[in-house]
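Notes follow once the structure below has been shown.
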Amino acid sequence: MAIRVYESRRRDVVELEPRDEGRISMYACGPTVYNLIHVGNARTIVWYDQVRRYLEYRGYDVTYVMNYTDVDDKIIERAKIEGIPPEGVTSKYTQAFEDDMSALGTKPASLIVRATDHIGDMVVAIQGLIDKGLAYKAEGDVWYEVENFDGYGKLSGRSLDDMRSGDRIEPSPGKKHPVDFALWKSAKEGEPSWPSPWGPGRPGWHIECSVMSTRYLGMGFDIHGGGRDLIFPHHENELAQAEGLNGGEFVRYWVHAGLVQMESEKMSKSLGNVVLARDVIEQYGGETCRYWMLASSLRSQAVFSDDTLDDADRSLERWRTFLEAAGHALAEEAPAASSSYRRPLSDPGPEGTGAEFISRFLSSMDDDFNSAKAFAAIHDLVREGNRLIEGAQRGDEGERKSLAGLLEVFLELTSVLNFRLESKPEDSKLVGGLVEYLLELRESARSERAFERADEIRERLTELGVAIEDTPAGPRWRVSGTGQ
RNA sequence: GGCGGCGUGGCCGAGUGGUUUAGGCAAGGGCCUGCAAAGCCCUGUACAGCGGUUCGAUUCCGCUCGCCGCCUCCA
């Protein structure tokens, strides 16, 4: 069974057949580092991280390149506002991006590339396009001539005629066709610039991705993506540049993520309805945020609201509770998480306790990363596991064995999604000691049947965010809630 | 105006031409508990509307209504 993905250009779900057997090359448009990212930006990157993790889990050797766009009008603007040089802006927001993404459990791409480190390559590419008759100079600018590229519009499914008739494109002086886009912009006073055969200036928005992706991954690499809103013009233009310059196919599979919706409107910087990733992480924690992002599948739009985030938080809490309870029930026989699980496509498939859950998880994720269905398999596993806990605690050998098997599968599946399910940081030694002491007091009250006193202790702790559960093996506690 | 997508029970969100339920959250009932909590069991009879195809459609086709995305910087 192969992995299937929805491919934007073909507008269909197709089998993923990598250019090189056993290897996947993927490229993602990373941030333009001029601002803190919002949860929509973050969700797309988290999903790409998940795609990468899943492909590795399925046995592929993945090379994942991400770019940071660190030359752009917005950066220049921002530098003026903050009164610092553009490099100050980019380094500040690059760090902020990496901090946010790390809080969301993504691991850095195999290779991170910066536009400013590849200006020379871009100049060479632009000259190449001019030489091929696909670009032309107009004053200090260089424009891509879309009418000379056969197939312009094939990714986004639109024709030049459609676009010409649209009244939203403003013709610029010097452009031959209103859709022609800038490859090189001449420098204005006080802007960062680089030398070029056409005079000092800086590259246009799209050229860096064409140049850097093909430099490191070659033409015809496997997966390229970003949010749906990048399909046009960004990816269309990347395609026109790369294929126009090099010939052949640029990208085998275009994979685009659905956008985050805010009250039935997309979240977007231009609409001004953004919620910063940082703020959501602070309120709900990175793991809840990641759960929310992944619980809706890659292509569907995710609804941002307190309700959907609260749902995610409670669902995750259910998993944590299971992990903890199963661990207690099995004591030292409890399996530990491995650092790297692998289920290559070539595997005959799992056997033994919990195998059905692995199978369901795999077939769901193989099917265009249907995470919603994959999560359901984990939830079903948890229910079955919870049923076994009482018996396992009693010492029933059969149930212990089954529970241990299920727990092992649970650890595997949640680790593929990079959920650590760790207890809250408040769970420190001092706090632990104090809570244990209060529980001892409560237990002695209970043994004297002084329930009023016992309940008072429990209520006070609950108010403080410490949940108490009495189990046959004694009371248990944990820090609950969303950390507010 | 052009192109694309969607409309599932209180909310989020999978899926399918027909019999057995996606799953989560919330709600109600029960078990367990000193009482709780956690957990388990049960319950809700949902697929925008109108036609059509079909023995049978939530699932296919058409139309209508509503919503969303792209067409301009945007993940």
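The figures that follow rest on heavy atoms only: side chains count, while hydrogens, waters and symmetry mates do not. The chains referred to below are lettered A, B, ... by the order of the sequence lines, with proteins before strands, and numbering in each begins at 1.
In this structure, A/Ser297 reaches the sugar-phosphate backbone alone: every heavy-atom distance under 4.0 Å involves primed, P, OP1 or OP2 atoms, never a base. Among the protein residues, A/His38 comes within range of the nucleic acid bases, having at least one heavy atom under 4.0 Å from a base atom. Heavy atoms of A/Gly226 sit under 4.0 angstrom from primed sugar atoms or phosphate atoms, though from no base atom.
Whole-Å rounding puts the A/Asp306 CG to B/C12 P distance at 14 Å. One interatomic measurement links the two molecules: CE of A/Met293 to P of B/C12, which rounds to 19 Å at whole-angstrom precision. Atom CD of A/Gln301 and atom C1' of B/G69 are 8 Å apart (whole Å). When the C1' atom of B/C73 is taken as reference, atom CG of A/Asp229 falls 10 Å away, rounded to whole Å. One atom, CH2 of A/Trp292, and another, P of B/G13, lie 10 Å apart when rounded to the nearest Å. Summarising the geometry, the separation between CE on A/Met262 and P on B/C68 is reported as 14 Å, rounded to the nearest angstrom. In this structure, A/His328 places its NE2 atom 15 Å from P of B/G39, rounding to the nearest Å. Going from atom CD1 of A/Ile389 over to atom P of B/C41 covers 12 Å, rounded to whole Å.
For the C1' atoms, the distance from B/G17 to B/C55 is 12 Å, rounded to whole Å. Remark: the separation of the P atoms in B/U59 and B/U16 is 13 Å, to the nearest Å. Spacing between B/G7 and B/U21 at atom C1', rounded to whole Å, works out to 24 Å. When the C1' atom is compared between B/U20 and B/C3, the two are found 42 Å apart, to the nearest whole Å. Spacing between B/C31 and B/A37 at atom P, rounded to whole Å, works out to 14 Å. Of the C1' atoms belonging to B/C12 and B/U19, the separation is 29 Å, rounded to the nearest Å.
A distance of 11.0 Å separates OG1 in A/Thr288 from CD1 in A/Ile281, rounded to the nearest 0.5 Å.
Judged by closest nucleotide on RNA chain B, A/Gly157 is the one of A/Ser300 and A/Gly157 placed further toward the 5' end.
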Using a 4.0 Å heavy-atom cut-off, write out nucleotides 22-38 of chain B from 5' to 3' as B (base contacted by protein), S (sugar-phosphate only) or - (no contact). BSBSS-------BBBBS

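Looking only at distances, no side-chain donor or acceptor of A/Glu408 sits under 3.5 Å from a matching main-chain atom of A/Pro335.
Donor-acceptor pairing under 3.5 Å is lacking for the side chains of A/Arg114 and A/Thr116. Looking at A/Arg420 and A/Asn418, their side chains do bring a donor and an acceptor atom within 3.5 Å of each other. Inspection of the A/Gln50 and A/Arg290 side chains reveals an N or O donor paired with an N or O acceptor under 3.5 Å. Neither side chain, A/Asn237 nor A/Gln241, offers a donor N or O lying under 3.5 Å from an acceptor on the other.
In this structure, A/Asn370 does not reach the B/A14 phosphate: none of its side-chain N or O atoms is under 4.0 Å from OP1 or OP2.
Side-chain contact check for A/Ser296 versus A/Arg43: some heavy-atom pair is nearer than 4.5 Å. You'll find the side chain of A/Arg10 reaches within 4.5 Å of the side chain of A/Tyr253, heavy atoms only.
Salt bridge status for A/Arg476 with A/Glu324: absent, with no side-chain N to carboxylate O gap under 4.0 Å.
Between A/Trp319 and A/His379, the two ring planes are tilted [angle within 30° to 60°].
Where RNA chain B pairs in unbroken runs of 3 or more (Watson-Crick or G-U, both distances under 3.5 Å), the stems are B:1-7 with B:65-71, B:10-12 with B:23-25, B:27-31 with B:39-43, B:48-52 with B:60-64.
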